[in-house]
> 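A single structure is presented below for examination.
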Protein chains: 2
Amino acid sequence: MTYTIKEVATKVGLTAYTLRFYDKQGLLPFVGRDQSGYRDFTEGDLHLLHTIICLKNTGMPISHIRQYIDYVMQGPQSIEQRRQLLNTHREAILAQQVKIMANLKEIDFKLDMYSDPAASELVNEELAQAKAEKEAEGLPDPFILVD
Amino acid sequence: MTYTIKEVATKVGLTAYTLRFYDKQGLLPFVGRDQSGYRDFTEGDLHLLHTIICLKNTGMPISHIRQYIDYVMQGPQSIEQRRQLLNTHREAILAQQVKIMANLKEIDFKLDMYSDPAASELVNEELAQAKAEKEAEGLPDPFILVD
DNA sequence: ATAAACCTTAGAGTATTGTCTAAGGCAAGT
DNA sequence: ACTTGCCTTAGACAATACTCTAAGGTTTAT
């Protein structure tokens, strides 16, 4: 059983445009064509496409995914390179996670403030300080309070 | 004490170009100007910029950050909107984390395979299956094995 | 046989987020 | 006064990742 580009697009949640774009970018060199020149996706192709989507979903740029696919096309001789590429990516993902979580903590701090019953007072205090600082520096007050 | 655009850029790890770009995008309406028309960042401005960078680092698009800043400029009356915006973003971050972690698991599975002493055999098995499937569908074998 | 619904390619267009250049003003040191 | 090194703006350019249009070929149903 093989699949058309539209069927694959539906299956994996991408558009046919995007799949053709990926092919243009060298991400799908393994996809064959039928007698009319139409792309013919096998189950194995779907498996590889799934890997491509995993890499994409974790933020790997297309150029790096292409490198990985190039390695795959070379067969078992490139296993060590693949391992290194994926491991480097893995480290990048984890580092990114740490960074995001640190930033999320600060956002949560703001959220806590906004959820406080006295939020209005707390915000007004910040605001008063910012305004005072602007005044001390001879700068105009940029906060337009319709309040 | 106030800071020039270059000092701020160094302090927060962005370029002066990027800060001007953010200003153009309406992210820095609170930054004042000195008598020469130069941007004059107060400590309070740095605080707000820090929040902007937190949102940026967690993947919020500039258009949404601008919305948040617009709310901040309106004073305490917009607290509920700010809370909603940040909370929606928080949920998006967490959902993204879950997605990334699920994808990372699959990458880790590949890494485990590539790290296996019998990696070559495992990869060859996959390859043989993919080749057989191509053959069964009358498609050419796209795998160039220099091996 | 003809319409509808696919598929193909090349290439144009879009969105986002910067990054830099050009032309010129301002401030400090020699 | 003049050089150096800031700053300003407008706008050009770039990288990334799509997204779509145009023109045309194929397949299927009626």
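Residue numbers begin at 1 in each chain, while the letters A, B, ... track the order of the sequences. Please read all numbers here as calculations on a predicted model, not as lab measurements.
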> How many whole angstroms separate atom CG of A:Asp34 from atom P of C:dC7?
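Going from CG in A:Asp34 over to P in C:dC7 covers 11 Å.
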> On DNA chain D, nearest-nucleotide positions of A:Tyr38 versus B:Glu7: which is more 5'?
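Between the two, 5'-proximity favours B:Glu7.
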> Has B:Arg39 got a side-chain N or O lying under 4.0 Å from the OP1 or OP2 atom of D:dT9?
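It does, given that an N or O in the side chain of B:Arg39 lies less than 4.0 Å from OP1 or OP2 of D:dT9.
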> Check the distance between C:dC7's P and A:Asp40's CG and give it to me in whole angstrom.
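For the pair A:Asp40 CG and C:dC7 P, the rounded distance is 11 Å.
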> Determine whether more than 12 heavy atoms belonging to other residues, nucleotides or ligands lie under 6.0 Å from atom CD of B:Gln129.
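Incorrect, the count does not exceed 12.
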> Could you please name the option among D:dC7, C:dG18, D:dT19 that lies closest to any side-chain atom of A:Phe21?
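So the side chain of A:Phe21 is nearest to D:dT19.
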> How about CD on B:Gln35, more than 12 heavy atoms from neighbouring residues, nucleotides or ligands closer than 6.0 Å, or not?
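Check fails, neighbour count at 12 or below.
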> Expressed in angstrom and rounded to an integer, what is the separation of B:Tyr17 atom OH from D:dT9 atom P?
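Rounded to the whole Å, the gap is 14 Å.
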> On DNA chain C, nearest-nucleotide positions of B:Gln35 versus B:Ile62: which is more 5'?
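Upstream on the strand: B:Ile62.
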> Taking only N and O in the side chain of A:Ser36, is any of them less than 4.0 Å away from OP1 or OP2 of D:dG25?
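Answer no for this pair, as no side-chain N or O of A:Ser36 is under 4.0 Å from OP1 or OP2.
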> In this structure, how many angstroms lie between the P atom of C:dT19 and the CZ atom of B:Arg20, rounded?
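Interatomic distance, CZ of B:Arg20 to P of C:dT19: 13 Å.
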> Record whether the side chain of B:Lys24 comes under 3.5 Å of the base of C:dG18 through a donor-acceptor pair of N or O atoms.
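A donor-acceptor contact between them is absent.
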> Within this structure, what is the CZ-to-P distance between A:Arg33 and C:dC7, rounded to whole angstrom?
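Rounded to whole Å, this separation is 12 Å.
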> Please determine whether the number of non-hydrogen atoms from other residues, nucleotides or ligands lying under 6.0 Å from atom CD of A:Glu135 exceeds 12.
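Not more than 12 within 6.0 Å, no.
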> Report the distance from atom CD of B:Gln25 to atom C1' of C:dA15, rounded to the nearest whole Å.
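Distance check: B:Gln25 CD to C:dA15 C1' gives 12 Å.
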> Take a 6.0 Å sphere around CD of B:Gln96 and say whether it holds more than 12 heavy atoms from other residues, nucleotides or ligands.
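Result for CD/B:Gln96: enclosed.
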> Side-chain N or O of B:Tyr22 less than 4.0 angstrom from OP1 or OP2 on C:dT17?
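False: B:Tyr22 side-chain N/O out of range (4.0 Å or more) of C:dT17 OP1/OP2.
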> For A:Lys99, is there any backbone N or O sitting under 3.5 Å from a side-chain donor or acceptor partner on A:Asn103?
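Judged by distance alone, yes, a pair lies under 3.5 Å.
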> Counting only side-chain nitrogens and oxygens, does A:Thr4 get under 4.0 Å of the OP1 or OP2 atom of C:dC7?
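Yes, because at least one side-chain N or O of A:Thr4 sits under 4.0 Å from OP1 or OP2 of C:dC7.
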> B:Lys6 NZ to D:dT4 C1': how many Å, rounded?
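After rounding, the gap between these two atoms is 12 Å.
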> Nearest-Å distance, CG (B:Asp23) to P (D:dC7)?
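From B:Asp23 CG to D:dC7 P: 14 Å.
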